[in-house]
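Heads up: numbering here begins at 1 and tracks the sequence. Basis for what follows: all heavy atoms, side chains included, without hydrogens, waters or symmetry-related copies. Here the structure is a predicted model, which means the values were calculated and not measured.
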Amino acid sequence: MRIKPWVSEAVEVKTSGMEGKGVYSVRPIKKGDVIGVFGGIVMPEEEIETLKKNVPADKLNIDHAMYIYPGFIMLHDYENGCDPLCFVNHACTPSAHIENGIILLASRDIPAGEEISWDYRKTDNIGNWSYEFDCQCGTAGCNGKVQVGPQFRSKTPAAAH
């Protein structure tokens, strides 16, 4: 069975100005519009290490996993490859946000041609998983680094539940 998320026809994947690929609006998107609904394989975070031993890293692509609730991670359908929502990049001042763990909503009006982004710290900073990378967003509110995990929590508050 192929896991298929719902993705708005208002977006497309193309080369990103931030990093790798990105998701861009092909027409204006209004504040509050649903951009996509993530779909994937949901598991307790403690099962990730076992899965990493059994699925090749290039297929698992753990960088595209996300927390959907404390202790639960959603992976993309690693049997069939990434869906377009895998390529929504981080921004410190994002154009979208996640609600209910899986729904990507526009946080403001988004003009045609703009790259869609959300702040990864708002979703991923709730479990034991840790990562850090130099931020490439270039927004006025850029913090320079994205730091997620228990050791960074005093610096970056988790989203309210």
Considering residues at least two apart in sequence or located in another chain, which fulfil the salt bridge (charged side-chain N to carboxylate O under 4.0 Å, His left out) criterion with [X]?
{"X": "Lys14", "answer": "none"}
{"X": "Asp124", "answer": "none"}
{"X": "Lys21", "answer": "none"}

- Does Tyr24 have any side-chain hydrogen bond (donor to acceptor under 3.5 Å, both in side chains) partners at least two apart in sequence or in another chain, and if so, which?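 With neighbours one apart ignored, the set is Glu115.
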- Residues two or more places apart in sequence or in another chain: which of them pass side-chain hydrogen bond (donor to acceptor under 3.5 Å, both in side chains) with Glu9?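 Scan of Glu9 (side-chain hydrogen bond (donor to acceptor under 3.5 Å, both in side chains), adjacent residues dropped) gives none.
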With a 3.5 Å cut-off and sequence neighbours excluded, list the donor-acceptor pairs that the side chains of residues 26-46 form with protein atoms.
unit_1: Asp33; atom_1: OD2; unit_2: Lys30; atom_2: N; d: 3.1
unit_1: Glu45; atom_1: OE1; unit_2: Tyr67; atom_2: OH; d: 2.4
unit_1: Glu45; atom_1: OE1; unit_2: Asn128; atom_2: N; d: 3.0

- Inter- and intrachain pairs under salt bridge (charged side-chain N to carboxylate O under 4.0 Å, His left out), touching residues 127-141, at least two apart: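 Residue pairs passing salt bridge (charged side-chain N to carboxylate O under 4.0 Å, His left out), neighbours aside: Asp134-Lys145.
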Check whether any side-chain heavy atom of [X] lies under 4.5 Å from a side-chain heavy atom of [Y], and answer yes or no.
{"X": "Pro150", "Y": "Ser130", "answer": "yes"}
{"X": "Trp118", "Y": "Asn89", "answer": "no"}
{"X": "Gln136", "Y": "Ser16", "answer": "no"}
{"X": "Ile48", "Y": "Ile73", "answer": "yes"}
{"X": "Leu104", "Y": "Ile116", "answer": "yes"}
{"X": "Arg121", "Y": "His90", "answer": "yes"}

When rounded to the nearest 0.5 angstrom, what is the spacing between [atom1] in [X] and [atom2] in [Y]?
{"X": "Asn143", "Y": "Cys92", "atom1": "CG", "atom2": "SG", "result": "4.0 Å"}
{"X": "Ile103", "Y": "Ile68", "atom1": "CD1", "atom2": "CD1", "result": "11.5 Å"}
{"X": "Leu85", "Y": "Met66", "atom1": "CG", "atom2": "CE", "result": "9.0 Å"}
{"X": "Glu19", "Y": "Cys135", "atom1": "CD", "atom2": "SG", "result": "9.5 Å"}
{"X": "Asp83", "Y": "His76", "atom1": "CG", "atom2": "NE2", "result": "8.5 Å"}

- Classify the ring geometry between Tyr69 and Phe72 as parallel (under 30°), tilted (30 to 60°) or perpendicular (over 60°).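 Judged by the thresholds at 30° and 60°, the geometry between Tyr69 and Phe72 is tilted.
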- Sequence neighbours excluded, every pair satisfying side-chain hydrogen bond (donor to acceptor under 3.5 Å, both in side chains) that has a member inside residues 95-110: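 The answer is His97-Glu99, His97-Ser107, Arg108-Glu114.
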- Query: Are Trp6 and Val23 co-members of a hydrophobic cluster defined by side-chain heavy atoms under 4.5 Å apart?
  - Reply: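 Same hydrophobic cluster.
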- Message: Give me the atom names and distance for the closest heavy-atom approach of Val88 to Ser117.
- Response: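 Of all heavy-atom pairs spanning Val88 and Ser117, the closest is CG1-CA, 3.9 Å.
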- Thr139 and Ala91: which non-hydrogen atoms are nearest, and at how many Å?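 What the structure gives for the nearest pair is CG2-CB, 4.3 Å.
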